[in-house]
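Below, chain A is the first sequence line, B the second, and so on; all start at residue 1.
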Number of protein chains: 2
Amino acid sequence: MKRNIEKEHADVCESVHHHDELVERIAGRMPPEEDLYDLADFFKVFADTTRIKILYVLLCQEMCVCDIADTLKMTQSAISHQLRVLKQMDLVKFRREGKTIFYSLADDHIGSILSQGLEHINE
Amino acid sequence: MKRNIEKEHADVCESVHHHDELVERIAGRMPPEEDLYDLADFFKVFADTTRIKILYVLLCQEMCVCDIADTLKMTQSAISHQLRVLKQMDLVKFRREGKTIFYSLADDHIGSILSQGLEHINE
DNA sequence: TGTTCATATGAACATCTATTCATTTGTTTA
DNA sequence: TAAACAAATGAATAGATGTTCATATGAACA
(Lines give C-alpha, C1' and ligand atoms only; values in the text may rest on other atoms or scores of the structure.)
Protein backbone atom coordinates (compact mmCIF):
# COMPACT_ATOMS: atom_id res chain seq x y z
CA MET A 1 0.00 0.00 0.00
CA LYS A 2 2.79 2.39 0.85
CA ARG A 3 4.43 3.85 -2.22
CA ASN A 4 7.85 5.23 -2.83
CA ILE A 5 7.15 8.87 -2.15
CA GLU A 6 10.71 10.03 -2.32
CA LYS A 7 11.06 8.83 -5.85
CA GLU A 8 7.83 10.40 -6.95
CA HIS A 9 8.92 13.63 -5.44
CA ALA A 10 12.26 13.59 -7.19
CA ASP A 11 10.58 12.78 -10.47
CA VAL A 12 7.94 15.42 -10.43
CA CYS A 13 8.82 18.17 -8.04
CA GLU A 14 11.83 19.44 -9.90
CA SER A 15 9.74 20.54 -12.82
CA VAL A 16 6.29 21.38 -11.46
CA HIS A 17 6.79 21.80 -7.70
CA HIS A 18 4.11 19.35 -6.71
CA HIS A 19 2.74 15.88 -7.40
CA ASP A 20 -0.43 16.24 -9.39
CA GLU A 21 -1.39 12.57 -9.36
CA LEU A 22 -0.73 12.12 -5.68
CA VAL A 23 -2.60 15.27 -4.79
CA GLU A 24 -5.61 14.24 -6.85
CA ARG A 25 -5.68 10.74 -5.48
CA ILE A 26 -5.59 11.85 -1.86
CA ALA A 27 -8.02 14.69 -2.47
CA GLY A 28 -10.45 12.14 -3.85
CA ARG A 29 -10.24 10.11 -0.65
CA MET A 30 -11.08 12.92 1.73
CA PRO A 31 -14.41 12.73 3.56
CA PRO A 32 -16.99 15.30 2.44
CA GLU A 33 -16.28 18.87 3.51
CA GLU A 34 -19.41 19.01 5.65
CA ASP A 35 -18.43 15.96 7.71
CA LEU A 36 -15.10 17.55 8.45
CA TYR A 37 -16.79 20.71 9.70
CA ASP A 38 -19.10 18.67 11.89
CA LEU A 39 -16.15 16.76 13.24
CA ALA A 40 -14.29 19.95 14.10
CA ASP A 41 -17.43 21.30 15.77
CA PHE A 42 -17.72 18.13 17.79
CA PHE A 43 -14.18 18.41 19.12
CA LYS A 44 -14.66 22.13 19.72
CA VAL A 45 -17.08 21.26 22.49
CA PHE A 46 -14.34 19.45 24.37
CA ALA A 47 -11.82 22.17 23.66
CA ASP A 48 -12.80 24.35 26.61
CA THR A 49 -11.93 23.81 30.26
CA THR A 50 -15.28 24.98 31.57
CA ARG A 51 -17.21 22.56 29.39
CA ILE A 52 -14.87 19.71 30.28
CA LYS A 53 -15.38 20.47 33.96
CA ILE A 54 -19.14 20.46 33.53
CA LEU A 55 -18.96 17.10 31.79
CA TYR A 56 -16.78 15.67 34.53
CA VAL A 57 -19.22 16.86 37.16
CA LEU A 58 -22.15 15.32 35.31
CA LEU A 59 -20.15 12.13 34.90
CA CYS A 60 -20.53 11.72 38.67
CA GLN A 61 -24.22 12.54 38.77
CA GLU A 62 -26.94 14.80 37.50
CA MET A 63 -26.93 18.30 38.93
CA CYS A 64 -28.81 21.57 38.85
CA VAL A 65 -27.26 24.67 37.31
CA CYS A 66 -26.56 26.50 40.55
CA ASP A 67 -24.78 23.49 42.05
CA ILE A 68 -22.59 23.13 38.98
CA ALA A 69 -21.76 26.82 39.30
CA ASP A 70 -20.92 26.41 42.98
CA THR A 71 -18.82 23.34 42.34
CA LEU A 72 -16.79 25.05 39.64
CA LYS A 73 -16.77 28.40 41.46
CA MET A 74 -18.15 30.19 38.42
CA THR A 75 -21.17 32.38 37.82
CA GLN A 76 -24.56 30.86 37.05
CA SER A 77 -24.63 32.78 33.79
CA ALA A 78 -21.34 31.41 32.53
CA ILE A 79 -22.46 27.86 33.29
CA SER A 80 -25.81 28.40 31.68
CA HIS A 81 -24.22 29.69 28.49
CA GLN A 82 -21.95 26.66 28.31
CA LEU A 83 -24.79 24.26 29.07
CA ARG A 84 -26.54 25.69 26.06
CA VAL A 85 -23.59 24.73 23.88
CA LEU A 86 -23.53 21.23 25.36
CA LYS A 87 -27.28 20.96 24.83
CA GLN A 88 -27.02 22.04 21.20
CA MET A 89 -24.44 19.34 20.59
CA ASP A 90 -26.65 16.76 22.34
CA LEU A 91 -24.05 16.01 24.97
CA VAL A 92 -26.35 16.78 27.89
CA LYS A 93 -30.04 16.41 28.55
CA PHE A 94 -32.17 17.95 31.26
CA ARG A 95 -35.37 17.54 33.19
CA ARG A 96 -37.36 20.15 35.03
CA GLU A 97 -38.47 19.75 38.61
CA GLY A 98 -40.30 22.80 39.81
CA LYS A 99 -38.01 25.78 39.58
CA THR A 100 -34.96 23.61 39.28
CA ILE A 101 -33.52 22.10 36.13
CA PHE A 102 -31.35 19.02 36.42
CA TYR A 103 -28.72 18.36 33.79
CA SER A 104 -27.16 15.01 33.03
CA LEU A 105 -25.06 13.40 30.32
CA ALA A 106 -27.01 12.50 27.21
CA ASP A 107 -24.65 9.78 26.21
CA ASP A 108 -22.82 7.00 28.00
CA HIS A 109 -19.66 7.10 25.98
CA ILE A 110 -18.82 10.75 26.68
CA GLY A 111 -16.74 9.38 29.50
CA SER A 112 -14.80 7.20 27.10
CA ILE A 113 -14.05 10.13 24.84
CA LEU A 114 -12.61 12.05 27.78
CA SER A 115 -10.65 8.97 28.86
CA GLN A 116 -9.18 8.49 25.43
CA GLY A 117 -8.01 12.10 25.52
CA LEU A 118 -6.39 11.67 28.93
CA GLU A 119 -4.80 8.46 27.75
CA HIS A 120 -3.10 10.24 24.89
CA ILE A 121 -1.87 13.02 27.15
CA ASN A 122 -0.22 10.57 29.55
CA GLU A 123 1.76 9.14 26.64
CA MET B 1 -24.56 4.46 43.23
CA LYS B 2 -27.20 6.88 42.08
CA ARG B 3 -28.72 8.85 44.91
CA ASN B 4 -32.01 10.57 45.37
CA ILE B 5 -31.06 14.01 44.20
CA GLU B 6 -34.53 15.45 44.20
CA LYS B 7 -34.90 14.82 47.90
CA GLU B 8 -31.54 16.33 48.72
CA HIS B 9 -32.41 19.36 46.73
CA ALA B 10 -35.76 19.82 48.41
CA ASP B 11 -34.15 19.47 51.80
CA VAL B 12 -31.38 21.93 51.39
CA CYS B 13 -32.13 24.30 48.58
CA GLU B 14 -35.02 26.05 50.24
CA SER B 15 -32.84 27.50 52.94
CA VAL B 16 -29.39 27.95 51.47
CA HIS B 17 -29.90 27.78 47.68
CA HIS B 18 -27.30 25.10 47.11
CA HIS B 19 -26.07 21.74 48.39
CA ASP B 20 -22.89 22.30 50.30
CA GLU B 21 -22.15 18.63 50.93
CA LEU B 22 -22.84 17.57 47.38
CA VAL B 23 -20.77 20.39 45.96
CA GLU B 24 -17.83 19.58 48.20
CA ARG B 25 -17.98 15.90 47.48
CA ILE B 26 -18.01 16.35 43.71
CA ALA B 27 -15.41 19.12 43.83
CA GLY B 28 -13.14 16.70 45.68
CA ARG B 29 -13.46 14.17 42.88
CA MET B 30 -12.44 16.44 40.05
CA PRO B 31 -9.13 15.72 38.32
CA PRO B 32 -6.41 18.30 38.96
CA GLU B 33 -6.90 21.65 37.26
CA GLU B 34 -3.77 21.21 35.15
CA ASP B 35 -4.92 17.91 33.68
CA LEU B 36 -8.16 19.52 32.62
CA TYR B 37 -6.29 22.29 30.84
CA ASP B 38 -4.10 19.75 29.08
CA LEU B 39 -7.17 17.82 28.07
CA ALA B 40 -8.83 20.91 26.63
CA ASP B 41 -5.62 21.74 24.77
CA PHE B 42 -5.55 18.25 23.35
CA PHE B 43 -9.06 18.50 21.96
CA LYS B 44 -8.36 22.02 20.72
CA VAL B 45 -6.02 20.52 18.15
CA PHE B 46 -8.88 18.57 16.62
CA ALA B 47 -11.22 21.53 16.82
CA ASP B 48 -10.12 23.06 13.53
CA THR B 49 -11.05 21.96 10.03
CA THR B 50 -7.66 22.65 8.54
CA ARG B 51 -5.86 20.54 11.12
CA ILE B 52 -8.38 17.73 10.74
CA LYS B 53 -7.86 17.79 7.00
CA ILE B 54 -4.11 17.62 7.43
CA LEU B 55 -4.47 14.65 9.75
CA TYR B 56 -6.76 12.89 7.29
CA VAL B 57 -4.29 13.44 4.50
CA LEU B 58 -1.45 12.08 6.60
CA LEU B 59 -3.63 9.14 7.57
CA CYS B 60 -3.31 8.04 3.92
CA GLN B 61 0.41 8.60 3.68
CA GLU B 62 3.30 10.87 4.54
CA MET B 63 3.48 14.06 2.50
CA CYS B 64 5.54 17.18 2.00
CA VAL B 65 4.22 20.59 2.97
CA CYS B 66 3.58 21.83 -0.54
CA ASP B 67 1.61 18.73 -1.48
CA ILE B 68 -0.55 19.06 1.60
CA ALA B 69 -1.16 22.67 0.62
CA ASP B 70 -2.05 21.66 -2.94
CA THR B 71 -4.34 18.89 -1.75
CA LEU B 72 -6.22 21.17 0.58
CA LYS B 73 -6.05 24.13 -1.80
CA MET B 74 -4.52 26.34 0.84
CA THR B 75 -1.35 28.40 1.06
CA GLN B 76 1.95 26.85 2.08
CA SER B 77 2.16 29.31 4.96
CA ALA B 78 -1.21 28.40 6.43
CA ILE B 79 -0.34 24.71 6.33
CA SER B 80 3.07 25.33 7.83
CA HIS B 81 1.57 27.26 10.74
CA GLN B 82 -0.86 24.46 11.46
CA LEU B 83 1.81 21.79 11.15
CA ARG B 84 3.68 23.62 13.85
CA VAL B 85 0.69 23.25 16.16
CA LEU B 86 0.41 19.55 15.33
CA LYS B 87 4.13 19.14 15.90
CA GLN B 88 3.97 20.87 19.30
CA MET B 89 1.23 18.48 20.38
CA ASP B 90 3.25 15.51 19.12
CA LEU B 91 0.61 14.46 16.66
CA VAL B 92 2.92 14.58 13.65
CA LYS B 93 6.58 13.85 13.06
CA PHE B 94 8.77 14.75 10.11
CA ARG B 95 11.91 13.81 8.28
CA ARG B 96 14.02 15.91 5.98
CA GLU B 97 15.02 14.81 2.53
CA GLY B 98 17.01 17.47 0.79
CA LYS B 99 14.92 20.59 0.48
CA THR B 100 11.76 18.71 1.18
CA ILE B 101 10.30 17.87 4.58
CA PHE B 102 7.93 14.94 4.84
CA TYR B 103 5.32 14.92 7.56
CA SER B 104 3.56 11.86 8.90
CA LEU B 105 1.40 10.91 11.86
CA ALA B 106 3.33 10.44 15.08
CA ASP B 107 0.81 8.11 16.55
CA ASP B 108 -1.21 5.18 15.28
CA HIS B 109 -4.35 5.83 17.23
CA ILE B 110 -4.96 9.33 15.91
CA GLY B 111 -7.15 7.62 13.37
CA SER B 112 -9.20 6.03 16.11
CA ILE B 113 -9.74 9.37 17.82
CA LEU B 114 -11.08 10.80 14.57
CA SER B 115 -13.22 7.70 14.04
CA GLN B 116 -14.72 7.94 17.49
CA GLY B 117 -15.64 11.54 16.76
CA LEU B 118 -17.31 10.61 13.48
CA GLU B 119 -19.09 7.77 15.20
CA HIS B 120 -20.64 10.13 17.67
CA ILE B 121 -21.72 12.53 14.95
CA ASN B 122 -23.53 9.80 13.02
CA GLU B 123 -25.55 9.01 16.13
C1' DT C 1 -52.02 38.10 41.53
C1' DG C 2 -47.57 39.42 43.03
C1' DT C 3 -43.23 37.94 44.84
C1' DT C 4 -39.45 34.84 44.90
C1' DC C 5 -36.31 31.98 42.94
C1' DA C 6 -33.75 29.05 39.29
C1' DT C 7 -32.44 29.44 34.87
C1' DA C 8 -31.93 31.59 30.26
C1' DT C 9 -30.66 35.18 27.27
C1' DG C 10 -28.72 39.44 24.90
C1' DA C 11 -25.26 42.89 24.42
C1' DA C 12 -20.66 44.35 25.29
C1' DC C 13 -16.00 43.45 25.92
C1' DA C 14 -11.62 41.15 26.08
C1' DT C 15 -9.07 37.37 24.55
C1' DC C 16 -7.77 33.91 21.41
C1' DT C 17 -7.10 31.92 16.83
C1' DA C 18 -6.44 31.25 11.77
C1' DT C 19 -5.02 33.24 7.68
C1' DT C 20 -2.35 36.39 4.83
C1' DC C 21 1.65 38.79 3.39
C1' DA C 22 6.39 39.66 3.56
C1' DT C 23 10.52 37.90 4.81
C1' DT C 24 13.97 34.51 6.55
C1' DT C 25 16.18 30.04 7.08
C1' DG C 26 18.49 26.31 5.34
C1' DT C 27 19.40 23.01 1.59
C1' DT C 28 20.60 21.93 -3.11
C1' DT C 29 22.66 22.68 -7.47
C1' DA C 30 24.48 25.46 -11.31
C1' DT D 1 29.43 31.42 -4.27
C1' DA D 2 25.03 32.71 -6.14
C1' DA D 3 20.51 31.35 -7.49
C1' DA D 4 16.52 28.50 -6.79
C1' DC D 5 13.52 26.39 -3.92
C1' DA D 6 10.91 24.20 0.22
C1' DA D 7 9.60 25.32 4.50
C1' DA D 8 9.34 28.31 8.68
C1' DT D 9 8.39 32.52 10.94
C1' DG D 10 6.71 37.22 12.52
C1' DA D 11 3.51 40.91 12.31
C1' DA D 12 -0.99 42.34 11.14
C1' DT D 13 -5.76 41.57 10.61
C1' DA D 14 -10.33 39.62 10.78
C1' DG D 15 -13.30 36.55 12.89
C1' DA D 16 -14.63 33.46 16.70
C1' DT D 17 -15.25 32.52 21.57
C1' DG D 18 -15.97 32.95 26.76
C1' DT D 19 -17.24 35.78 30.49
C1' DT D 20 -19.70 39.49 32.66
C1' DC D 21 -23.53 42.35 33.62
C1' DA D 22 -28.17 43.45 33.28
C1' DT D 23 -32.42 41.73 32.36
C1' DA D 24 -36.10 38.37 30.95
C1' DT D 25 -38.61 34.04 31.44
C1' DG D 26 -41.22 30.84 33.73
C1' DA D 27 -42.49 28.00 37.70
C1' DA D 28 -43.90 27.86 42.67
C1' DC D 29 -46.12 29.61 46.49
C1' DA D 30 -48.00 33.17 49.69
[X] side, atom [atom1]; [Y] side, atom [atom2] - distance, nearest 0.5 Å:
X	Y	atom1	atom2	value
B:Arg95	B:Tyr103	CZ	OH	12.5 Å
B:His19	B:Ile26	NE2	CD1	12.0 Å
B:Lys73	B:Lys53	NZ	NZ	9.5 Å

Measure from [atom1] on [X] to [atom2] on [N] and round the result to the nearest Å.
X	N	atom1	atom2	value
B:Leu86	D:dA8	CG	C1'	15 Å
B:His81	C:dC21	NE2	P	12 Å
B:Leu36	D:dG18	CG	C1'	17 Å
B:Ile54	D:dA8	CD1	C1'	14 Å
B:Ile68	D:dA8	CD1	C1'	14 Å
A:Glu97	D:dA27	CD	C1'	13 Å
A:Arg96	C:dA8	CZ	C1'	10 Å
A:Lys44	C:dT17	NZ	P	12 Å

How close do B:Leu72 and B:Thr50 get, counting heavy atoms only, and between which atoms?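 Heavy atoms of B:Leu72 and B:Thr50 come nearest at CD1-O, 4.3 Å.
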Touch class at under 4.0 angstrom, heavy-atom based, for B:Thr75 against every strand present: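 Sugar-phosphate, no base atom in range.
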Is there a donor and acceptor pair closer than 3.5 Å between the side chain of A:Gln76 and the base of C:dA6?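 Flag unset: no donor-acceptor pair detected.
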Ignoring backbone atoms, test whether [X] places a side-chain nitrogen or oxygen under 4.0 Å from the OP1 or OP2 oxygen of [N].
X	N	result
B:Arg84	D:dT9	yes
A:Tyr103	C:dA8	yes
A:Arg51	D:dG18	yes
B:Thr50	C:dT19	yes

Is there a chain of hydrophobic side chains (I, L, V, M, F, W, Y, each step under 4.5 Å between heavy atoms) that links A:Leu118 to B:Phe42?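 Yes: a chain of side-chain contacts under 4.5 Å links A:Leu118 to B:Phe42.
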Axial bend angle, the helix from C:dT1-D:dA30 to C:dA30-D:dT1: five-pair end segments, nearest 10°: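 The angle, to the nearest 10 degrees, is 10°.
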[X] side chain, from C-beta outward: closest of [options]:
X	options	value
A:Ser77	C:dT7, D:dA7, C:dT9	C:dT9
B:Cys66	D:dA7, C:dT9, C:dT20	D:dA7
B:Lys99	C:dT20, D:dT9, C:dT28	C:dT28
A:Asp48	D:dG18, C:dG26, C:dG10	D:dG18

Please state whether the rings of A:Phe46 and B:Phe43 are parallel, tilted or perpendicular, taking 30° and 60° as the class boundaries.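 Geometry flag for B:Phe43 against A:Phe46: tilted rings.
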Starting at the 5' end of DNA chain D and moving along, which residue's nearest nucleotide shows up first, B:Ile101 or A:Ala47?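 Counting from the 5' end, the first nearest nucleotide belongs to B:Ile101.
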Would you say that more than 12 heavy atoms from the other residues, nucleotides or ligands in this model lie under 6.0 Å from the CG of A:Asp108, or not?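 Incorrect, the count does not exceed 12.
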Can a donor-acceptor pair be found, under 3.5 Å and without considering hydrogens, that links the side chain of B:Arg51 to the backbone of B:Lys44?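 At least one qualifying donor-acceptor pair exists.
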